[in-house]
Amino acid sequence: MSVPRVRFAPSPTGDLHVGGVRSALFNWLHARHTGGVFVLRVEDTDRARSTDEATNIILEGMAWIGMEPDEGPFFQSRRGDLYRARVQELLAAGGAYRCWCTKETIAEKRTAAEKTGTLFRYDRICRGRTEGPSPDAPFVLRAALPEEGEVVIEDVVKGRVVIRNDHLDDFILARADGSPVYNFTVVVDDIDMGITHVIRGDDHLNNTPKQMHLYRLLGAEPPVFAHLPMVHGPDGKKLGKRHGAASILQFRELGFLPDVMRGFLARLGWSHGDQEEFTTDELIQLFDLTGVRGSAAVFDHTKLEWLNGRRIREMAPMELLDLAQPFLERAGIPTDAAWLPRAVVAVQERAKTLVEIAEKLTMFVDRGPVTFDEKAQTKFLTDDSKPRLAALADALAAVETFTAPEVEAATSRFLEERELKMKHIGQPTRVALTGGTVSPSIYDVMEIFGREVTLDRLRSAAGD
RNA sequence: GCCCCUAUCGUCUAGCCCGGUCCAGGACGCGGCCCUCUCAAGGCCGAGACGGGGGUUCAAAUCCCCCUAGGGGUACCA
């Protein structure tokens, strides 16, 4: 058996959203799992809606998520010759015919059909015609489909789907200006590129019977089809722009890890028992098209965050720091600061995204006087606590090496002598050091700030 | 309207193909408790679902039919 060949075929008309990326992922996984070939094909036959910018977004998104194509990207806009050649063949063989009906006439008939509540189908009045109303009258090219019988799709995920041919119409292959249309180009390209498995969103399921006829008309064997369930937003509708973050690049900006995105997206419609987290290697090893569910899934942002947090926590600190680089820069954190490696450790178990890593790190940048959160100040910097902070500062001054364990030991001794509990000085110390009530362990904070800053802050909080 | 797809906790899902082991399992989220210098993390406990109705069968979440609901499509878009 020849190697499986799959493709991801987005159209560059806007953002590359996560639904599309999931389709790409399933194709990619199928290729990797089976030792097949993953092809990227940009479907830009609609010149009016396609933009270079959108193409770049697709390429960038695919690169970020780590699914570089084995072949391509190919652009349909550069394959006009192939489509023209195929359509001529079809015309000659009687698989296609010229249709001189105008858009307007068709539209009228459509509205009329809608009124009677029946399915609109082109009435095929041009099918027998050999010439138009005038020699230079514009025409489109239509597929000559059978009027009786039915098409059977043996879909890997949907099962057997049967469509009656009299529900199909002689759809357009090429526009009046000669440019080919989607349903034609996909088939031509999938044949030309030797695609063995068409794995795509189930919004294409309705196109499939038409395409199957085209395969036959073009003398080719149809591929295996696998129609994936849609990804929905929280409102249960097909995921789109108005669902907040939907574009894959947005998730990069939000500080999600590409690896986590892959694992999460794979679980939308596919699963392996109760396993929640997958490395990419596991995905490749375990993924199987036949395990894909048929029903749509809602994109659960909260679970994605949990997954991302888990991965961040288990990552090597230096690796994390490396990945967080751009986010630190954006947050104005000097990326060469000596305290960074230490601080990342203190912060990594508390962050769900790289953005949060940067946010939590910013408190260590400024070493000058603290700006107090008003509530925190009144609540914890009291007449009771202030003298203790001053005394603690004195106790800490004697610590030999100013590391978290040393500082902690010294603090414990201090507490013991005074018969105090940690809870008596914990929050006051935190407020003194950071100005607020939330931070990593105060011992970590002290080490990161160092002796000088720690004592200064402790004393100045005790002072006023 | 018409055509197609889908239907297990709020969400992602296991189980369904090969009926009994399911008074339906896991995870996110939620509530509580524990741990604790705060916040997280972690641990434990809890609430929470087979859309409805008919069949078939000794037995149905699992098989069949109908209904309902949701989604998708219905372009000289992809």
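By convention in this document, chain letters (A, B, ...) are assigned in the order of the sequence lines, proteins followed by strands, and residues within each chain are numbered from 1.
Contact annotation: the side chain of A/Trp100 never approaches that of A/Ile125 to less than 4.5 Å [non-hydrogen atoms, C-beta and beyond].
Listed nucleotides B/G71, B/C28, B/U38 differ in distance to A/His232; the shortest reach to its side chain belongs to B/G71. With B/C77, B/G25, B/G42 as the choices, the nucleotide that has an atom nearest any side-chain atom of A/Arg313 turns out to be B/G42. Considering only the side chain of A/Ala297, B/U13 comes nearest among B/C28, B/U13, B/C37.
Rounded to an integer number of Å, the gap from NZ of A/Lys210 to C1' of B/C76 is 13 Å. For the pair A/Glu349 CD and B/U36 P, the computed distance is 16 Å after rounding to whole Å. As a whole-Å value, the separation of A/Lys303 NZ from B/C30 P is 14 Å. Atom CG in A/Leu361 sits about 21 Å away from atom P in B/C39, given to the nearest Å. Protein atom CE of A/Met315 is 15 Å distant from nucleotide atom C1' of B/A41, rounded to whole Å. Taking atom CG of A/Asp444 as the reference point, atom C1' of B/A41 lies 14 Å away to the nearest angstrom. A straight line from CE of A/Met230 to P of B/C12 spans 15 Å, rounded to a whole angstrom. At whole-Å resolution of the value, CZ in A/Phe278 and C1' in B/A14 are 12 Å apart.
A/Arg49 and A/Thr13 share no donor-acceptor pair across their side chains, judged by distance under 3.5 Å alone.
Between A/Trp306 and A/Arg267, the residue anchored nearer the 5' end of RNA chain B, judged by the nucleotide with its closest heavy atom, is A/Arg267. Residues A/Asn183 and A/Glu276 both approach RNA chain B. Their nearest nucleotides, taken by heavy-atom distance, put A/Glu276 toward the 5′ side.
Using a 4.0 Å heavy-atom distance criterion, A/Val140 is classed as a base contact. Counting non-hydrogen atoms under 4.0 angstrom, A/Ser271 reaches the backbone sugars and phosphates but no base. Across all strands, A/Cys99 comes closer than 4.0 Å to no nucleic acid atom at all (heavy-atom distances). At the heavy-atom level, A/Pro440 lies under 4.0 Å from base atoms of the strands shown. At a threshold of 4.0 angstrom between heavy atoms, the contacts of A/His204 include nucleobase atoms, whether or not backbone atoms are also involved. Within 4.0 Å of A/Thr302, counting heavy atoms only, lie sugar-phosphate atoms of the nucleic acid but no base atom.
Using a cut-off of 4.0 Å between Lys/Arg side-chain N and Asp/Glu carboxylate O, A/Glu154 and A/Arg160 are scored as salt-bridged. We find that A/Asp44 and A/Arg47 are joined by a salt bridge, their nearest charged nitrogen and carboxylate oxygen being less than 4.0 Å apart. Between A/Asp373 and A/Lys375, none of the side-chain N atoms (NZ, or NE/NH1/NH2) sits under 4.0 Å from a carboxylate O, so this pair counts as no salt bridge. A salt bridge does not link A/Asp189 with A/Arg7: none of the charged nitrogens is closer than 4.0 Å to a carboxylate oxygen.
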In B/S/- notation (B base, S sugar-phosphate only, - none; protein heavy atoms under 4.0 Å), nucleotides 1-8 of chain B written 5' to 3' is BSSSSSSB
B/S/- along nucleotides 43-49 of chain B (protein heavy atoms under 4.0 Å) is -------
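Within the cation-pi definition used here (under 6.0 Å to the ring centroid, within 45° of the axis), A/Arg124 does not qualify as a partner of A/Tyr122. Remark: A/Arg41 fails to qualify as a cation-pi partner of A/Phe74 under the 6.0 Å distance and 45° angle criteria applied to the six-membered ring.
With a cut-off of 3.5 Å on both pairing distances, the Watson-Crick or G-U wobble partner of B/C30 is B/G46. Pair check for B/G1 finds B/U74; Watson-Crick or G-U wobble, both atom distances under 3.5 Å. Both distances falling under 3.5 Å, in either a Watson-Crick or a G-U wobble arrangement, occur for no nucleotide opposite B/U38. Under the Watson-Crick and G-U wobble criteria, each requiring two contacts below 3.5 Å, nucleotide B/U6 is paired to B/A69. Across all strands shown, B/C16 has no partner, as no Watson-Crick or G-U wobble contact with both distances under 3.5 Å is found.
Residues satisfying the side chain to side chain contact (heavy atoms under 4.5 Å, CB included) criterion with A/Ser271, sequence neighbours excluded, are A/Arg267.
Below the 3.5 angstrom threshold, one finds a donor paired with an acceptor across the side chain of A/Ser441 and the base of B/C37. No donor-acceptor contact under 3.5 Å links the side chain of A/Arg121 to the base of B/U74. Evaluation of atom-type donor-acceptor distances gives no pair under 3.5 Å for the side chain of A/Asp203 against the base of B/G73.
Between A/Thr411 and the phosphate of B/C37, there is no side-chain N or O to OP1/OP2 separation shorter than 4.0 Å. Residue A/Arg430 places no side-chain N or O under 4.0 Å from the OP1 or OP2 atom of B/C39.
With A/Met446 as the partner, the side chain to side chain contact (heavy atoms under 4.5 Å, CB included) test is satisfied by one option alone out of A/Leu433, A/Val399, A/Val453, A/Leu455: A/Leu433. Each of A/Asp259, A/Leu265, A/Leu29 was compared with A/Leu283 under the side chain to side chain contact (heavy atoms under 4.5 Å, CB included) criterion, and only A/Leu29 meets it.
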